[in-house]
Peer 1: 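Structure below; questions to follow.
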Number of protein chains: 2
Amino acid sequence: MITYDALLEQFKQLLKQNGLKFTKQRELILKFLYENEGHFTPEDIYMLMKKNHPDVTIGIATVYRTLTLLEKEGIASSISFGVQGKKYELGEKEHHDHLICTRCGKIIEFFDDIIEQRQEAIAKQYNFKMQDHTMKIVGLCETCQQEEK
Amino acid sequence: MITYDALLEQFKQLLKQNGLKFTKQRELILKFLYENEGHFTPEDIYMLMKKNHPDVTIGIATVYRTLTLLEKEGIASSISFGVQGKKYELGEKEHHDHLICTRCGKIIEFFDDIIEQRQEAIAKQYNFKMQDHTMKIVGLCETCQQEEK
DNA sequence: CTTATTGCAAACGTTTTGCACGTTT
DNA sequence: AAACGTGCAAAACGTTTGCAATAAG
């Protein structure tokens, strides 16, 4: 588990390498993702930001721009929920897939070697140069199965 | 491969069972999906509908409503492209996953037993009651790999 | 002092909705 | 006749963009 200081340093390096600037807003968003386990929409982050840091002005556009940047740099990653938008998480961890509860929205992460291997094999079989892959299993989590009754 | 008449009959049954009505618009959209292999956005379908059936009035809202209905009834299925919307196809065929080319948008369908089995196993492991699952491999198709150079 | 970044509001593209009118049953 | 479906236009939704002001290097 990387420390926040190391992550921050890494981020600063990336910014410098690309001629970008280190701002209060970018720092706060990075910090937020580091401190909060879980998956958040840009809206979530924007709201919590305004609430927890009333002293810093921040616009929703900046949240979107920063999340896009973090994802491009490989620091964050997102899962898409179709029309309902995306949710972001810190992405320094290993690749993983998601189980999503359709009732309460809970997201469970998992990783399966066999699935990963089959994906590579399939891409190869169709002469596809794989850039990314996602898999989502949607259903009812344990708790919600009980409460459905 | 189901015949169109059988599909139509099935659709009429479903409508009747749910107290819904059989309309010209619903029929045309079903027919369109039956006759056209491939994946289409609601917009695609709307445009082609207006072009090929200038005699029938149809609104984009009806296309959305009908596609949602067809998907709910299991007759059609969709893949999501995030902000860029969804694409629909007739869903009477066997479950399958998708390879999507990020350059030309081509969609290749595949089915892999091992992946299916692992998905079931994983859902079970997390006490998840699986309702659906999707997997997308995105990358460059054979043709586009060549043209990238 | 140059360049990137910001917040704001307006624009965007897709999807949904309210409503009066039309069609199916 | 009752109920559902329709087209239309307006609204909603998440997201992106142009711009003048601001902050970082």
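These figures come from a predicted structure and were not determined experimentally. Residue numbering restarts at 1 for every chain, and letters A, B, ... go by the order of the sequence lines. Hydrogens, waters and symmetry mates are skipped; everything else that's a heavy atom, side chains included, is used.
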Peer 1: In this structure, how many angstroms lie between the C1' atom of dC8(D) and the CD1 atom of Ile60(B), rounded?
Peer 2: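 Spelled out: CD1 on Ile60(B) to C1' on dC8(D) is 13 Å.
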Peer 1: If we count only N and O atoms by modelled type, under 3.5 Å, do the side chains of Gln131(B) and Thr102(A) hold a donor and an acceptor together?
Peer 2: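 Thr102(A) and Gln131(B) do have a side-chain donor-acceptor pair below 3.5 Å.
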Peer 1: Taking the cut-offs as 6.0 angstrom to the six-membered ring centre and 45 degrees off its axis, would you call Lys87(B) and Phe40(B) a cation-pi pair?
Peer 2: no
Peer 1: Considering residues at least two apart in sequence or located in another chain, which fulfil the salt bridge (Lys or Arg N to Asp or Glu O under 4.0 Å) criterion with Asp112(B)?
Peer 2: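 Asp112(B) satisfies salt bridge (Lys or Arg N to Asp or Glu O under 4.0 Å) with Arg118(A) only.
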Peer 1: To the nearest Å, give me how far apart CD (Gln17(B)) and P (dT25(C)) are.
Peer 2: 15 Å
Peer 1: Rounded to whole angstrom units, what separation is found between the CD1 atom of Ile29(B) and the P atom of dG5(D)?
Peer 2: 13 Å
Peer 1: Using the side-chain heavy atoms of Thr23(B), tell me which of these nucleotides is nearest: dT6(D), dA24(D), dG14(D).
Peer 2: dT6(D)
Peer 1: Could you check how far NE2 of His53(B) sits from C1' of dT6(D), rounded to whole Å?
Peer 2: 17 Å
Peer 1: Does any N or O donor sit under 3.5 Å from an N or O acceptor when you compare the side chain of Lys21(B) with the base of dA3(D)?
Peer 2: yes
Peer 1: Students often get this wrong, so: under 4.0 angstrom with heavy atoms, is Gln25(A) touching a base, only sugar-phosphate, or nothing?
Peer 2: sugar-phosphate
Peer 1: Specify the separation, in whole Å, of atom CZ of Phe22(B) and atom C1' of dT24(C).
Peer 2: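 That distance rounds to 11 Å.
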Peer 1: Answer yes or no for Lys16(A) and Phe11(A): cation-pi contact, defined as NZ/CZ to six-membered ring centre under 6.0 Å and angle to ring axis within 45°.
Peer 2: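 Judged by the rule, Lys16(A) and Phe11(A) form no cation-pi pair.
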Peer 1: What is the distance from CG of Leu69(A) to P of dT5(C), rounded to the nearest Å?
Peer 2: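 After rounding, the reported distance stands at 8 Å.
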Peer 1: Between Ala61(B) and Gln84(B), which has a closest nucleotide on DNA chain C that is more 5'?
Peer 2: Gln84(B)
Peer 1: Rounded off to whole Å, could you give me the CG-to-P distance for the Leu15(A) and dT3(C) pair?
Peer 2: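 For the pair Leu15(A) CG and dT3(C) P, the rounded distance is 19 Å.
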Peer 1: Among the candidates dT5(C), dT15(D), dG7(C), find the nucleotide nearest to the side-chain atoms of Tyr64(A).
Peer 2: dT15(D)
Peer 1: What's the closest nucleotide to the side chain of Pro42(B) if the choices are dG14(D), dA2(D), dT15(C)?
Peer 2: dT15(C)
Peer 1: Take Ile58(B) and Lys86(A), find for each the nucleotide of DNA chain D with the closest heavy atom, and name the residue whose nucleotide sits nearer the 5' end.
Peer 2: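 It is Ile58(B), whose closest nucleotide lies nearer the 5' terminus.
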Peer 1: Assess, by modelled atom type and distance only, whether the side chains of Ser77(A) and Glu71(A) contain a donor and an acceptor separated by less than 3.5 Å.
Peer 2: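 No, because no side-chain N or O of Ser77(A) sits under 3.5 Å from a partner of the opposite role on Glu71(A).
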Peer 1: Leu67(B) CG to dT6(D) P: how many Å, rounded?
Peer 2: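 From Leu67(B) CG to dT6(D) P: 12 Å.
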Peer 1: So Arg65(A), base contact, sugar-phosphate only, or nothing? Heavy-atom distance under 4.0 Å.
Peer 2: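 Counting heavy atoms under 4.0 Å across all strands, the contact made by Arg65(A) includes a base.
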Peer 1: Would you kindly compare Gly19(A) and Thr41(B) by the position of their nearest DNA chain C nucleotide and give the one closer to the 5′ end?
Peer 2: Gly19(A)
